[in-house]
**Q** 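Mind looking over this structure? Questions follow.
So that the names make sense, note that chain A is the first sequence line, chain B the second, and so on, each numbered from 1.
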Amino acid sequence: MTPQELAQHLASILTEIVAARGSDVVVTEQDTKVDRPKNRDHGDWASNAAMKFAKRIGANPRELAEEIAARAAEIDGVAKAEIAGPGFINITLDAASAGETARRVVEQGEAYGRGDALAGQRINMEFVSANPTGPLHMGHTRWAALGDSTARVLRAAGAEVVNEYYINDAGAQMNKFGRSVLAAALGEEAPEDAYPGEYIQTLGKRVAEQIPDLAEIAASDREAALEQAQELGYQLQLAEIKDSLERFNVHFDVFFSERSLHTAGENGEKSPIEGAIDRLRAEGHVFEEDDAIWVRTTAFGDDKDRVFTRGNGIFTYFAADAAYYLSKKDRGFGEKIYLLGADHHGYIGRLKAIAGAAGDNTETDITVLIGQLVNLNGARLSKRAGNIIELDDLLEWLGTDALRYWLARYPADSPLALDGEKVRSRTNDNPVFYVQYAHARTAAVDRNAAAAGVDRSAFAPELLTHATETDLLGKLQQYPAIVAGAAELREPHRIARYLEELAAAYHRWYDNCRVIPMGEEPVEDLHRTRLWLNDAAGQVLRNGLDLIGVSAPERL
RNA sequence: GCCUCCGUAGCUCAGUGGAUAGAGCAACGGCCUUCUAAUCCGUUGGUCGCAGGUUCGAAUCCUGCCGGGGGCACCA
């Protein structure tokens with residue numbers, strides 16, 4: 001009996017009761033969702049449905065609860081159903097019914113916890129999108145971890161998700177980057193507004209190696225040299241970014257070039273930006289004023305209209321944003337998710353307005369997730385001059401698993417101050433090791449069981465009666481709902497918090513219940529059944545860790 | 001000024017209207033001839049920023065204050 005099945009039973013019971021009373025109130029499974037009470041005395045699962053429906057159907061909450069409980073007690077697998085307080089219904093499962101979960105988890109394996117709530121949805125998930133003019137740094141890591149984990153959770157809920165990185169490879173920043181790289185390659189003094197940082201010198205050296213005659217080209221045609229240096233520097237830097245992300249266990253399906261939005265088609269077709277402006281103009285959202293092209297975003301809730309062209313005729317960044325949005329729409333994405341830092345908060349209004357101007361629903365077709373900034377206050381961090389901390393250095397210092405876990409375990413809208421020493425520590429004030437250790441323990445038990453002759457030839461769930469066993473089973477039963485909730489709310493941190501609870505329940509169980517008999521005691525069905533439970537715990541720990549992109553080691 | 005996020009134990013933070021508000025750390029005290037003690041058990045610790053409101057019930061929803069972060073470009 002899973003909580004979902006219990007909720008279904010309660011929904012049909014309540015539907016009949018409501019109908020018998022002549023009410024046409026509709027009862028859904030959502031209304032009878034049960035939760036795990038904090039207090040053991042309140043049973044395995046509790047429902048507040050009687051309190052929620054009493055008023056709507058004109059009944060006394062406790063009487064309604066009595067009526068529901070009486071019939072809930074008859075459900076196959078329910079040991080007892082009691083009412084408490086103002087009208088809670090506390091349900092206790094019989095041990096065999098609860099214990100079945102262990103077998104179910106093992107049989108479903110990696111599929112356990114996956115659902116179909118978002119089936120059929122095609123979602124574009126854009127995140128990181130850092131300028132390709134330098135290495136990824138601390139500020140990007142939180143979005144990389146959260147974006148990738150969110151995408152994984154959405155996929156677990158049945159959605160088709162494309163991870164996308166928008167490369168700002170057009171405009172003034174790129175030119176500045178090109179001049180910086182060229183100067184470094186030629187061994188010249190850096191231009192006044194050059195990008196700072198050693199990486200420019202490194203890129204310059206590599207460019208000089210790969211274009212041996214760069215100096216000659218520069219002497220005769222400075223512009224040509226700049227173009228070549230800029231292009232090669234860009235490609236090298238982008239490759240570095242991709243490598244860093246892969247090391248961070250973050251994979252992007254699409255790297256979308258801003259430049260491609262500015263480029264006209266081969267047969268003299270307009271560029272995507274021009275095409276986008278034409279389309280929006282045809283819908284009546286574009287106007288001209290003060291020698292500039294504007295889009296009337298105020299018609300869709302923005303606080304001011306926005307310009308598409310600057311005075312010099314060059315398209316604004318926002319014009320490219322609009323064309324990019326239309327590209328996502330044209331590529332068949334329903335929901336477009338943008339994961340942005342709090343410093344981009346001002347973009348929400350105009351992005352939503354573009355969605356509206358494109359004919360999309362500004363509530364359901366676009367989601368802008370704003371994350372608060374992260375800072376790392378470990379004193380050792382400033383070994384590198386300046387306060388830019390590169391992702392690669394972080395990975396070397398802290399490791400992918402620890403960094404991803406810590407970045408994933410807080411909600412995006414909560415400001416985050418990481419303590420580097422804590423992230424790095426190998427003690428139990430470090431939740432990532434606590435959870436990974438729980439998984440390693442399941443693997444150790446598995447190895448030892450095999451050596452001790454405990455096998456899986458029997459499964460007797462009615463024997464799983466120890467308090468730590470019912471607790472652990474309850475946690476395992478909650479997992480699918482946790483995944484569904486995390487997907488619905490786009491909050492992957494719920495997975496991490498759940499894993500910490502699951503790990504705690506597992507450690508407590510391990511401490512109290514032996515899978516392998518002591519000394520000369522015989523192997524019994526209880527031990528064999530516990531091995532199933534151990535397998536199930538390991539499986540769910542693996543499934544959950546995978547959703548936040550963290551490894552599940554067999555040994556620590 | 002306007003928009004937005006945050007304010008919960010000494011610290012770092014969970015808590016999608018439910019029961020006595022939780023976890024880890026810190027402090028103090030226990031369990032290793034063990035399926036690896038990176039685990040486990042116990043004790044101490046609270047005006048959920050403040051004040052109203054909504055309701056059977058509010059840390060959670062609404063309003064107003066107070067305090068802090070971020071944002072309000074023909075920059076990218």
Side-chain angles (χ1 to χ4, degrees), chain A residues 33 35 37-39 41-42 46-48 51-52 54-55 60-62 84-88 90 131 133 168 170-176 258 290-294 303-304 306-320 341-349 370-373 375 409-419 422 425-431 433-434 436-438 440-442 444-449 451-452 454 468 485-486 488-489 491 493-494 496-498 500-501 503-504 506-518 527 530-531 534 555-556:
Chain A
K33 214 159 60 172
D35 63 17
K38 282 169 248 169
N39 188 334
D41 299 336
H42 296 154
S47 168
N48 58 13
M51 289 179 291
K52 287 202 307 209
K55 184 176 249 182
N60 174 295
R62 278 190 67 103
F88 289 101
N90 295 332
N131 283 349
T133 53
N168 301 127
Q173 291 300 316
M174 278 302 286
N175 296 333
K176 183 170 135 183
E258 180 194 354
D290 302 334
D291 292 328
I293 300 175
W294 294 71
D303 51 4
K304 62 175 80 164
R306 306 289 167 175
V307 288
F308 274 161
T309 55
R310 307 208 303 258
N312 55 12
I314 295 174
F315 292 116
T316 60
Y317 191 80
F318 185 59
D343 53 337
H344 285 71
H345 157 256
Y347 279 70
I348 301 176
I370 293 296
Q372 295 297 308
L373 303 179
N375 65 71
R409 80 185 283 268
Y410 300 94
D413 54 13
S414 129
L416 177 55
L418 283 187
D419 178 335
K422 222 171 228 182
S425 74
R426 306 205 148 225
T427 58
N428 68 341
D429 59 336
N430 194 345
F433 285 104
Y434 183 79
Q436 286 186 317
Y437 179 53
R441 255 190 170 170
T442 66
V445 168
D446 182 59
R447 291 189 295 266
N448 293 330
V454 179
T468 60
E488 182 194 343
L489 298 167
E491 292 188 344
H493 76 276
R494 289 169 186 274
R497 298 294 172 159
Y498 165 81
E500 289 164 30
E501 291 174 18
Y506 176 78
H507 286 309
R508 275 194 288 273
W509 171 70
Y510 173 94
D511 222 58
N512 284 280
C513 299
R514 294 186 59 92
V515 172
I516 295 160
M518 278 284 228
H527 302 111
R530 282 176 174 165
L531 185 54
N534 184 72
R555 290 184 162 85
L556 284 186

**Q** Just checking A:Pro517: base, sugar-phosphate only, or nothing, at a heavy-atom cut-off of under 4.0 Å?
**A** nothing
**Q** Which distance, rounded to the nearest 0.5 Å, do you find between the CD1 of A:Ile516 and the NE2 of A:His527?
**A** 9.0 Å
**Q** Within the distance-only criterion (no hydrogens, no angle test), does the side chain of A:Asn534 pair as donor or acceptor with the backbone N or O of A:Arg530 below 3.5 angstrom?
**A**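 No; judged by distance alone, with no hydrogens or angles, the pair does not exist.
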**Q** Scan A:Asn168 against the nucleic acid and name what it touches under 4.0 Å (heavy atoms): base, sugar-phosphate only, or nothing.
**A** nothing
**Q** Given B:U16, is OP1 or OP2 found less than 4.0 Å from the side-chain N or O atoms of A:Arg494?
**A** yes
**Q** Is the cationic atom of A:Arg62 (NZ for Lys, CZ for Arg) positioned less than 6.0 Å from the six-membered ring centroid of A:Phe88 and within 45 degrees of its normal?
**A**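 So A:Arg62 doesn't make the cation-pi contact.
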**Q** Let me know the distance between CZ of A:Arg497 and P of B:A21, rounded to the nearest Å.
**A** 20 Å
**Q** Going from NE2 on A:His507 to OG1 on A:Thr468, what distance comes out if it is rounded to the nearest 0.5 angstrom?
**A** 13.5 Å
**Q** Are OP1 or OP2 of B:G24 and a side-chain N or O of A:Lys422 less than 4.0 angstrom apart?
**A** no
**Q** Using OP1 and OP2 only, check whether a side-chain N or O of A:Ser414 sits under 4.0 Å from B:A14.
**A**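 Answer yes for this pair, as a side-chain N or O of A:Ser414 is under 4.0 Å from OP1 or OP2.
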**Q** Do NZ/NE/NH1/NH2 and the carboxylate oxygens of A:Arg306 and A:Asp303 come within less than 4.0 Å?
**A** yes
**Q** Tell me, do A:Arg447 and A:Arg555 make a side-chain contact under 4.5 Å, heavy atoms counted?
**A**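 Yes; the side chains approach each other to less than 4.5 Å.
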**Q** Between A:Tyr434 and B:C40, is there a side-chain N or O to OP1/OP2 distance below 4.0 Å?
**A** yes
**Q** Could you check whether A:Gly85 gets within reach of a base, just the sugar-phosphate, or nothing at all, counting any heavy atom under 4.0 Å?
**A**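 The residue A:Gly85 makes no contact with any strand.
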**Q** With a 3.5 Å distance limit and no angle check, can you tell me whether A:Asn131 reaches the backbone of A:Thr133 through a side-chain donor-acceptor pair?
**A**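 Such a contact is absent between A:Asn131 side chain and A:Thr133 backbone.
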**Q** Starting at NZ of A:Lys38 and ending at C1' of B:G22, how long is that distance when rounded to a whole Å?
**A** 8 Å
**Q** Heavy atoms only, 4.0 Å cut-off, all strands: where does A:Gln372 land among base, sugar-phosphate and nothing?
**A** base
**Q** Using only side-chain N and O atoms of A:Arg409, determine if any of them is under 4.0 Å from OP1 or OP2 of B:G24.
**A** no
**Q** Mind checking if A:Asn60 touches a base, just sugar-phosphate, or nothing, with heavy atoms under 4.0 Å?
**A** nothing
**Q** At 4.0 Å (heavy atoms only), tell me whether A:Tyr410 reaches a base, stays on the sugar-phosphate, or touches nothing.
**A** sugar-phosphate
**Q** Heavy atoms only, 4.0 Å cut-off, all strands: where does A:Met518 land among base, sugar-phosphate and nothing?
**A**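 Sugar-phosphate contact only.
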**Q** Answer yes or no: does a side-chain N or O of A:His493 lie under 4.0 Å from OP1 or OP2 of B:G15?
**A**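 Answer yes for this pair, as a side-chain N or O of A:His493 is under 4.0 Å from OP1 or OP2.
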**Q** Looking at every strand, decide which applies to A:His42 at a 4.0 Å heavy-atom threshold: base, sugar-phosphate, or nothing.
**A**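 It contacts base atoms.
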**Q** What's A:Asp290 touching, base or sugar-phosphate or nothing? Going by heavy atoms closer than 4.0 Å.
**A** base
**Q** Test for a donor-acceptor pair under 3.5 Å between the base of B:A19 and the side chain of A:Asp35, counting only N and O atoms.
**A** no
**Q** Could you work out the separation of B:G68 and B:C28 based on their P atoms and round it to a whole Å?
**A**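 Those two atoms are separated by 36 Å.
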**Q** For a quick check of understanding: with a heavy-atom distance under 4.0 Å over all strands, which category does A:Asn448 fall into, base, sugar-phosphate or nothing?
**A**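 Sugar-phosphate contact only - A:Asn448 comes under 4.0 Å of backbone atoms but never of a base.
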**Q** Identify all stems in which RNA chain B takes part, counting only runs of at least 3 consecutive pairs (Watson-Crick or G-U wobble, each distance under 3.5 Å), and give each as one range with another, ordered by first number.
**A** B:1-7 with B:66-72, B:10-13 with B:22-25, B:27-30 with B:40-43, B:49-53 with B:61-65
**Q** Please give the distance between the P atoms of B:G52 and B:G70 as a whole number of Å.
**A** 32 Å
**Q** Need one value for A:Ala170: base, sugar-phosphate or nothing, where a base atom within 4.0 Å counts as base even if backbone is also close, heavy atoms only.
**A** sugar-phosphate
**Q** Taking the side chain as everything from C-beta on, heavy atoms only, tell me whether A:Asn168 gets closer than 4.5 Å to A:Tyr317.
**A** yes
